Amino acid sequence: MIGLIVIDTCCTLNLLATRRAREIVQALKIQLLDTPQVRVEALMLWTPPDSDGQRSKEPVSADVLRLAGHLEMRSLTDDATLEAFVDAAARINDADASCIALAGVLKVPLMTDDRKERRIARELFPSIELVSTLDVVADAARALAWSEAELSKIGSDLRWRGNFAPPRNDPRCRWYEKLLKPG
């Protein structure tokens, strides 16, 4: 996986939840793009359950990726992108619509796990490449030769910090479930 990828808010959170976001994008040689509509969304990760089973949210920032030059904001300024945004925004929230429009017009992959967003992206841009959180994590696992212990920790962080559950139809769902099983 090399090149530009438009990333939505949820996938940004998932990458940050792994505690390995910079390492992942560097290893895969990807440049992430988001939009002003995504950038203004609050980024919150979950804490693991405490002794009483209670969880809380804590703020997180994508600045670790932005400051390292791995995440760049792109405005929707040209006519084609604005038109695609309006079409998508009639069907889904503005942040997701902006990602669909940017990826579709630039003809670059869209990183999203959201079933509705994926469906609308395919309807508006039939040839769009869709990338999931698990695609990126699995590719990074191979590229970085993570041990089983590292993968287990990353899986646990995705589950608890990112509150991540893969889409039912994600082909890597079983792989992720194995990461969550102890020992």
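From a predicted model like this one, the values you see are computed outputs, not experimental measurements. Computation of the quantities below employed the complete heavy-atom set of this structure, encompassing side-chain atoms and omitting hydrogens, waters and symmetry-equivalent molecules.
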Would you check, one step at a time, whether the test side chain to side chain contact (heavy atoms under 4.5 Å, CB included) holds for K153 with W146? CA-CA 10 Å; K153 174 70 172 129; W146 285 332; over 6 Å; no
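- Between the CE atom in M111 and the OG atom in S132 there is a gap of 7.0 Å [rounded to 0.5 Å].
- Judged by distance alone, the side chain of T47 and the main-chain N or O of S56 form a donor-acceptor pair under 3.5 Å.
- Residues T12 and D8 have side chains not in contact (no heavy-atom distance under 4.5 Å, counting atoms from C-beta outward).
- Taken to the nearest 0.5 Å, the CG atom of L33 stands 5.0 Å off from the CG atom of L4.
- Sorted by first and then second residue, the pairs that involve residues 60-73 and meet salt bridge (charged side-chain N to carboxylate O under 4.0 Å, His left out), not counting sequence neighbours, are D34-R66, E72-R74.
- Looking at residues two or more places apart in sequence or on another chain, you find a side-chain hydrogen bond (donor to acceptor under 3.5 Å, both in side chains) between R19 and D157.
- Hydrophobic cluster membership is shared by L179 and L45, with clusters built from Ile, Leu, Val, Met, Phe, Trp and Tyr side chains linked at under 4.5 angstrom.
- Closest heavy-atom contact between W160 and W46: O-CB, 3.2 Å.
- Scanning for ring pair (Phe, Tyr, Trp, His ring centres under 6.0 Å) contacts around Y176 gives F164, with sequence neighbours left out.
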Side chain to side chain contact (heavy atoms under 4.5 Å, CB included) for L13 and N163? Distances and angles first, verdict last. CA-CA 9 Å; L13 283 169; N163 209 34; over 6 Å; no
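- Transitive grouping of hydrophobic side chains (ILVMFWY, heavy atoms separated by less than 4.5 Å) brings V105 and L82 into a common cluster.
- A heavy-atom distance below 4.5 Å is not found between the side chains of V131 and L110.
- The side-chain heavy atoms of I5 and V108, taken from C-beta on, include no pair separated by under 4.5 Å.
- Heavy atoms of other residues, nucleotides or ligands lying less than 6.0 angstrom from CG of D79 number 12 at most.
- Using a 4.5 Å cut-off on side-chain heavy atoms (C-beta onward), V38 and C99 make contact.
- Under the 3.5 Å distance criterion, the side-chain polar atoms of R55 are left unmatched by any main-chain donor or acceptor of D50.
- With rounding to the nearest 0.5 Å, the separation of CE in M73 from OG in S98 is 10.5 Å.
- Residues passing the side-chain hydrogen bond (donor to acceptor under 3.5 Å, both in side chains) test with R174 are E177, sequence neighbours excluded.
- Between L15 and V136 there is a side-chain heavy-atom pair separated by less than 4.5 Å.
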Decide side chain to side chain contact (heavy atoms under 4.5 Å, CB included) for S156 and R159; before the verdict, give the C-alpha distance in whole Å, the side-chain angles of both, and the deciding distance to 0.1 Å. CA-CA 5 Å; S156 178; R159 168 67 189 100; 5.7 Å; no
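- A 4.5 Å side-chain heavy-atom check between V137 and W175 finds at least one atom pair inside the cut-off.
- Other residues, nucleotides and ligands contribute over 12 non-hydrogen atoms within 6.0 Å of the CZ atom of R119.
- One hydrophobic cluster holds both L158 and I7 under the rule that ILVMFWY side chains link at heavy-atom gaps under 4.5 Å.
- Side-chain atoms of S152 do not come within 3.5 Å of backbone N or O of E148 as any donor-acceptor pair.
- Follow the hydrophobic side-chain contacts under 4.5 Å out from L28 and you reach I154 in the same cluster.
- Between E58 and M44 there is no side-chain heavy-atom pair separated by less than 4.5 Å.
- Using a cut-off of 4.0 Å between Lys/Arg side-chain N and Asp/Glu carboxylate O, R172 and D135 are scored as salt-bridged.
- For E23, the CD atom counts as densely surrounded, since its 6.0 Å shell holds more than 12 non-hydrogen atoms of other residues, nucleotides or ligands.
- When the side-chain hydrogen bond (donor to acceptor under 3.5 Å, both in side chains) test is applied to D78, the partners found at least two apart in sequence or on another chain are T81.
- Looking only at side-chain heavy atoms (C-beta outward), L130 and R122 come within less than 4.5 Å of each other.
- A distance-only check finds a donor-acceptor pair linking the side chain of T18 to the backbone of R20 [under 3.5 Å].
- Considering all non-hydrogen atoms of both residues, A103 and P109 come closest at CB-O, 4.0 Å.
- Cluster annotation: L151 is connected to L180 through the hydrophobic network of ILVMFWY side chains, with a link wherever side-chain heavy atoms come within less than 4.5 Å.
- Here salt bridge (charged side-chain N to carboxylate O under 4.0 Å, His left out) pairs that include residues 87-114, with residues two or more places apart or in two chains, are R91-E123.
- Nearest heavy-atom pair, N93 versus A95, reported as atom, atom and distance to 0.1 Å: OD1-N, 3.1 Å.
- Of all non-hydrogen atoms in F85 and A101, the two that sit nearest each other are N-CB, 3.4 Å.
- No option in T112, I128, L124 other than L124 meets the side chain to side chain contact (heavy atoms under 4.5 Å, CB included) test with I100.
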